[in-house]
2 protein chains.
Amino acid sequence: MSLQHALLTSLLEKPSSGYELARRFDKSIGYFWHATHQQIYRELARMEEQAWVKSYDAEGGRAGKRQFEVLAAGKEELRNWASQSSEPSELRDELFLKLRADAAIGSLGLEQEIARRMQLHQERLQTYKDIELRDFSKPKLSREAKIRHLILKAGISLEESRIAWSKDALTTLK
Amino acid sequence: MSLQHALLTSLLEKPSSGYELARRFDKSIGYFWHATHQQIYRELARMEEQAWVKSYDAEGGRAGKRQFEVLAAGKEELRNWASQSSEPSELRDELFLKLRADAAIGSLGLEQEIARRMQLHQERLQTYKDIELRDFSKPKLSREAKIRHLILKAGISLEESRIAWSKDALTTLK
DNA sequence: CCACCCATGTAACTAGTTACATGATTTC
DNA sequence: GAAATCATGTAACTAGTTACATGGGTGG
């Protein structure tokens, strides 16, 4: 159950409330592992049952706000999980299914959709490059920063390859 | 529900039994949209209820073997679904979560895992390139072949970019 | 005082995975 | 006659999505 481990990591970086985690997931980790607030609250509750995390009323915040932090068992679990191997994910993109459908039943005008996506990928690429410039352009980076940069670069090359593919696809389909 | 539409496409290409679909999903569509036989049988049953497909006892095959084919309503549904836009998928790779965990709690020896994956990606790339050479190296391809080639090329460039990324990651982590 | 954001949750559903089960036919 | 493959399914579970619900605090 990877979301739990994503949350553990995020909580180690900074103890937070469920709401804050949900907000932070919109950026950083959320770029490659999206989760809704409902899911996050559920997993936090489960992890508290398993004693991987503990929570207490946040003093500075509003009424009802709960702050979570990772317990030793949670850290151990994270270490354990992270050192096991796992399979790379598939592409699993509906667009490919739609292309196959197009091939099977005749032209469906997918060019529009591909063009729309190409633009979207260009925007994302720009966002990632802005982050890169802002956070990782210094000559000496800490180990942590280098690793984050690595993840960002995976995103950048994915977007670049999608843009190139889109161009190819538009040429082929026109 | 994309699996249903993947099955409709596959059945349009060739009417088949659930078993045959499951086998075919191991190749072709399965490269980017994996499904188990349990899921396939369930979705076929649902589509029959909705009258998107019909089935009958296969004459040539063994006892109990059911052949499925797409009805007009199913084809209409597929056309409709395929012409709607959809969002590109995330990366959602556990490895990135593990890298973040490594950054948060200290070195976990992920180099091994990255090296293992790099080899895996190289093997996949080779498989894809073999298919490309076998099926798409003729100068004149049909529209259908061109589209299939396009999908394959997406796989090729994904694997290439993963291999390049792995090299970078190994250099950074060492 | 109204809109917006902070903050937490429940409920119902859909999609995907894992484990188990059964029997027929072909091949060695 | 045993093993492998063909062929279909049920059941239980896990993960993720969508819809609904509630109330407090802040800024205009």
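Basis for what follows: all heavy atoms, side chains included, without hydrogens, waters or symmetry-related copies. The sequence lines fix the lettering, A, B, ..., with proteins before strands; numbering per chain opens at 1. Not measured: the values here are computed from a predicted model.
- In summary, A:Glu132 and A:Lys129 do not engage in a salt bridge, as defined by a charged side-chain N under 4.0 Å from a carboxylate O.
- Look at B:Asp135 and B:Arg148 and you find no salt bridge, because none of the NZ, NE, NH1 or NH2 atoms lies under 4.0 Å from a carboxylate O.
- Within a 6.0 Å sphere centred on NZ of B:Lys75, other residues, nucleotides and ligands contribute 12 heavy atoms or fewer.
- The shortest non-hydrogen separation linking A:Ser89 to B:Leu91 is OG-O, 3.1 Å.
- Distance from the side chain of B:Gln39 is smallest for C:dT17 among the nucleotides C:dT17, C:dG9, D:dG16.
- Across all strands, B:Arg66 comes closer than 4.0 Å only to sugar-phosphate atoms, never to a base (heavy-atom distances).
- Listed candidates were C:dA15, C:dT10, D:dT5. Nearest to the side chain of B:Tyr19 is D:dT5.
- Salt-bridge check for B:Arg116 with B:Glu113: passed, with a basic side-chain N closer than 4.0 Å to an acidic carboxylate O.
- Remark: the B:Glu94 side chain and the A:Ser2 side chain contain an N/O donor-acceptor pair separated by less than 3.5 Å.
- Residue B:Ser17 is classed as a sugar-phosphate contact, given heavy-atom separations below 4.0 Å to backbone atoms only.
- With rounding to whole Å, B:Glu43 atom CD is found 16 Å from D:dT8 atom P.
- Of all the residues in residues 21-34 of chain A, not one reaches under 4.0 Å from DNA chain D with any non-hydrogen atom.
- Of the residues near DNA chain D, B:Arg42 and A:Gln4, the one whose nearest nucleotide (by heavy atom distance) lies more toward the 5' end is B:Arg42.
- Closest to the side chain of A:Tyr41, from the set C:dT8, C:dT17, D:dT10, is C:dT8.
- With hydrogens and angles ignored, the 3.5 Å screen pairs a side-chain donor or acceptor of A:Arg117 with a backbone N or O of B:Ser86.
- Between the CG atom of B:Leu44 and the P atom of D:dT8 there is a distance of 9 Å, given to the nearest Å.
- Between A:Asp57 and A:Lys65 there is no salt bridge, since no side-chain N of the basic residue sits under 4.0 Å from a carboxylate O of the acidic one.
- For the segment residues 85-102 of chain B, residues with any heavy atom less than 4.0 angstrom from an atom of DNA chain D are, sorted by number, B:Arg92.
- Of the candidate nucleotides D:dT14, D:dT18, C:dT18, D:dT14 has the atom lying nearest to any side-chain atom of A:Met1.
- Rounding to whole angstrom units, NZ of residue A:Lys65 and P of D:dT26 are separated by 12 Å.
- Distance, B:Gln38 CD to C:dT18 P: 10 Å, rounded to whole Å.
- Among B:Arg46, B:His34, B:Gln39, the one residue that satisfies the side-chain contact (heavy atoms from CB on, under 4.5 Å) test with B:Leu3 is B:Gln39.
- Projected onto DNA chain C by closest heavy-atom contact, B:Arg46 and B:His37 fall at different nucleotides, the more 5' of which corresponds to B:Arg46.
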